[in-house]
Amino acid sequence: MAGAVPGIRIQREDFDVAAEIAALTRDRADIGAVVTFSGLCRDEQGALSELELEHYPGMAEAEIGRIAAEATERWPLQGLTVIHRHGKIAPGENIVLVVAASAHRQAAFEAANFLMDYLKSRAPFWKKEHLTDGSHGGWVEAKEADDRAADRWKKSGG
Amino acid sequence: MAGAVPGIRIQREDFDVAAEIAALTRDRADIGAVVTFSGLCRDEQGALSELELEHYPGMAEAEIGRIAAEATERWPLQGLTVIHRHGKIAPGENIVLVVAASAHRQAAFEAANFLMDYLKSRAPFWKKEHLTDGSHGGWVEAKEADDRAADRWKKSGG
Amino acid sequence: MRLIYFAWVRERIGKPEEDVELPAGIETVADLLRWLKSRGEEYEHALQFPDVIRVAINQEHVGHREKIAGAREIALFPPMTGG
Amino acid sequence: MRLIYFAWVRERIGKPEEDVELPAGIETVADLLRWLKSRGEEYEHALQFPDVIRVAINQEHVGHREKIAGAREIALFPPMTGG
């Protein structure tokens, strides 16, 4: 693996995308491309009061660290940051951030995309819905499409 | 086309990624994914003093507008912003920004990736290098790889 | 051995974690799930469809055929919905 | 008709733009490039390899076989290096 040591943070607080980009790019001129992915809490029906994100402390950091380390082995990255929030999150708020920095754009795009697919299907987080009428909307179900999305990164050569 | 009217800006000034994300996502809860691409001025050898970006005023806005409109037709986007700087840009500084917002992550990733490939091969901008020893490094040559990258978005069905 | 539960597995079993002494013959994750399921109706409810349950040993994902010898901490949880 | 030049095409021709009266028989972009190339050594230098030259008519990309009738503004430039 060349260069980048991934920065992994599991936190309640929101994040600042510009500050995270700046932290990776400051005082260097070898980065040509930075891709960020922000995942937000969506509520198209207006029925959601908030999402409650439960996580497995310890394993969440470890598992995201394993995924991030794999990304730095597969793509030439100059920097990689992953922040995943937990606790209560209102519609429109941030949930997750991936920042991938590379000399070239395709590596940055692919690494960020890979990270998100693997976070969705492997990071130990669970979302519970709280509705505006005071009831529980229940636990969000995992989507088979997310597993298929992660599968497309499997190397055919083993 | 549903929804998004792309915001296109050609400017000398730098941009603020967080402010551009906020402008697209503020006061709404139908966006689940925001992908940003920032292109930066790279100088791995330390020989570059600055890049000078020449552009074709009028056509630059029009051509990026055409590419952005095509993206909003191909992917369900809730928001799309493209900012391309011109003038003199030092190593480590920003050159270009794409922000794509969608309900779902794959649309946001693909739209941003498509925009960058098309900007590289179709937006009327030209880069000239000024070197630290005071000489001109000449005009940056277009890369065949960039044309190939744009070609992969061509629809086989016509 | 410490068992940890998350999300609706935790809610249905009614506790976030517990220490258990395993009887002889419990060698794999699948054995563990079968034994736990027999411990009462809350376990039966949580583990009704064992194939759905995801398992981590010492904070790493494992399949149901994994041996549990040497495990300090085994976590049971539904499919993840992070990201 | 207004001609506009960018990047090294502009530098080699020595001016950013000019208005020209086309002689009869200049119908396509390729005809225009051939005629311009014959106008002096700076044009010869700029347009030495016409296949490399990219062309926009009224601010839209066109191929070299495009007709130029109706063009208000034709721009000649090298392959673009934006982004």
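Below, chain A is the first sequence line, B the second, and so on; all start at residue 1. Quick caveat: nothing in here was measured; it's all calculated off a predicted structure.
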Chain A interface, residue from B/Ser38, B/Ala112, B/Pro91 that has the most non-hydrogen pairs under 4.5 Å
B/Ser38
B/Asp16 versus chain A, the contacting section by heavy-atom distance below 4.5 Å:
side chain
Which residue out of A/Cys41, A/Gly46, A/Ala33, A/Ala108 racks up the most heavy-atom pairs below 4.5 Å with chain B?
A/Ala33
side-chain contact (heavy atoms from CB on, under 4.5 Å) assessment of B/Thr25 paired with A/Leu40
CA-CA 9 Å; B/Thr25 58; A/Leu40 288 80; 4.0 Å; yes
From the list A/Asn94, A/Asp117, A/Val99, A/Val96, the residue making the most non-hydrogen contacts under 4.5 Å with chain B is A/Asp117
Interface check, chain B: of A/Val98, A/Ile95, A/Val17, A/Asp43, most non-hydrogen pairs under 4.5 Å belong to A/Asp43
Atom group of B/Arg105 that falls short of 4.5 Å from chain A, counting heavy atoms
both
Taking every non-hydrogen pair under 4.5 Å, which of A/Ala18, A/Gly92, A/Ala29 racks up the most with chain B?
A/Ala29
Tell me, do A/Phe37 and B/Thr36 make a side-chain contact under 4.5 Å, heavy atoms counted?
no
Just wondering, are more than 12 heavy atoms of other shown residues or ligands nearer than 6.0 Å to CD in A/Glu144?
no
Engaged part of B/Gln106 at the chain A interface, taking heavy atoms whose separation is under 4.5 Å:
side chain
Does any non-hydrogen side-chain atom of A/His104 lie less than 4.5 Å from one of B/Arg42?
yes
Within a 6.0 Å radius of atom CD on A/Glu13, are there more than 12 heavy atoms belonging to other residues, nucleotides or ligands?
yes
Contacting region of B/Ala149 [heavy-atom separation from chain A under 4.5 Å]
side chain
